[in-house]
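Keep in mind that the numbers below use all heavy atoms, side chains included, and drop hydrogens, waters and symmetry copies. Naming: A, B, ... by sequence-line order, numbering from 1 per chain.
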Amino acid sequence: MPHSQLHAKGFVGALIEKLLGASATSKALPDFPELGIELKTIPVRPDGRPRESTFVCTIELADIADSEWETSRVRNKLAEVLWVPIEADPRTILPERRVGTPFLWKLEGAWEKTLRADWEELASLVGRGQTELITAHLGVALQVRPKARDASARRRAFDEDGVAYRELPRGFYLRSSFTEAIIAQQFGRRTRAETSARRTRNG
DNA sequence: GGCTGATCATTA
DNA sequence: TAATGATCAGCC
């Protein structure tokens with residue numbers, strides 16, 4: 001066990017992977033390559049809403065310019081996901097947190113349409129070597145945020161002219177509004193956005 | 001309270 | 001260093 005919860009980021013996710021026998025840990029592949037299924041634990045509040053966004057993968061630096069959504073790492077990772085909700089009140093110590101009902105989810109229909117639109121917008125910026133212009137404000141459901149040891153970390157990258165430079169490593173994340181909708185659909189509940197819209201309509 | 005940018009652990 | 005697993009923390 002980690003010594004404190006501050007140092008336990010990722011511990012529960014890695015634990016569940018080990019328990020379920022995931023084989024592609026630490027690789028740019030779904031956790032269960034033979035099944036094409038990715039395992040994601042998701043921290044939830046008592047009402048089932050996600051507490052945090054969900055990390056998807058790092059950004060494909062060199063090849064994103066001429067890659068397509070169909071073969072992107074984002075789509076490959078999220079094609080089919082086993083979501084495992086985990087009770088995640090920071091005041092509850094790890095051994096006392098409960099595991100919710102896991103469920104399988106496929107990236108299809110409106111889910112895919114939404115992510116694809118975001119990905120194409122973001123990927124075109126990355127492909128032009130303009131990752132420094134990207135902020136987490138972009139993207140309806142998929143966003144790009146730092147993914148590094150700290151703010152001083154840099155990795156080798158190339159701009160649109162092929163000139164090497166060093167940049168802050170970043171990754172793709174799913175906004176919690178998106179995963180909230182996934183969970184709401186699975187368990188037959190309205191999202192907060194839908195509930196407030198309904199309240200407004202009914203005056 | 002939500003969101004963005006920063007940060008922590010582990011493995012290869 | 002860069003991939004994986006994520007959550008923390010402070011500004012709005």
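Salt-bridge check for A/Arg75 with A/Glu112: passed, with a basic side-chain N closer than 4.0 Å to an acidic carboxylate O. Ion pairing between A/Arg170 and A/Glu132 holds under the 4.0 Å rule for side-chain N and carboxylate O. Between A/Arg45 and A/Asp47, no side-chain nitrogen of the basic residue sits less than 4.0 Å from a carboxylate oxygen of the acidic one, so the salt-bridge criterion is not met. Salt-bridge check for A/Glu87 with A/Arg97: failed, with every basic side-chain N at 4.0 Å or more from each acidic carboxylate O.
Counting to the nearest Å, the P atom of B/dT11 and the CZ atom of A/Arg149 are 13 Å from each other. Between the CD atom of A/Glu167 and the P atom of C/dT1 there is a distance of 14 Å, given to the nearest Å. For the pair A/Gln143 CD and B/dA6 P, the computed distance is 13 Å after rounding to whole Å. Atom P of nucleotide B/dT11 and atom CZ of A/Phe11 are separated by 12 Å, given to the nearest angstrom. Residue A/Glu180 contributes atom CD, which lies 9 Å from atom P of B/dG2 at whole-angstrom precision. For the pair A/Leu15 CG and B/dT11 P, the computed distance is 13 Å after rounding to whole Å. Distance NE2 (A/His137) to P (B/dC3): 11 Å, rounded to an integer number of Å. The CZ atom of A/Arg154 sits 14 Å away from the P atom of B/dG5 (whole-angstrom rounding).
Contact annotation: A/His7 side-chain N/O to B/dA9 OP1/OP2 distance is under 4.0 Å. Between A/Arg166 and C/dT1, a side-chain N or O to OP1/OP2 separation shorter than 4.0 Å is present. The side chain of A/Arg170 places no N or O atom within less than 4.0 Å of a non-bridging phosphate oxygen (OP1 or OP2) of B/dG5.
Checking each of A/Ile183, A/Leu174, A/Ile86 against A/Ile42 for a side-chain contact (heavy atoms from CB on, under 4.5 Å) leaves exactly one that passes, namely A/Ile183.
When each of A/Leu168 and A/Ser176 is assigned the nucleotide of DNA chain B with its nearest heavy atom, A/Ser176 is the one assigned upstream, toward the 5' end.
For the residue pair A/Trp83/A/Gln186, the side-chain donor-acceptor check at 3.5 Å is not satisfied. Side-chain contact check for A/Thr58 and A/Arg73: at least one donor-acceptor pair (N or O, by modelled atom type) lies under 3.5 Å. Checked by atom type, the side-chain pair A/Thr92/A/Arg98 shows no donor-acceptor distance below 3.5 Å.
Of the residues in residues 68-79 of chain A, none lies under 4.0 Å from DNA chain B by heavy-atom distance.
Identified under the side-chain hydrogen bond (donor to acceptor under 3.5 Å, both in side chains) test for residues 119-128 of chain A, with sequence neighbours left out: A/Arg116-A/Glu120, A/Arg128-A/Gln130.
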Report task. Can you check each nucleotide of nucleotides 6-12 of chain C against protein heavy atoms at under 4.0 Å and return B for base, S for sugar-phosphate only, - for none, in 5' to 3' order? Result -> BBBS---
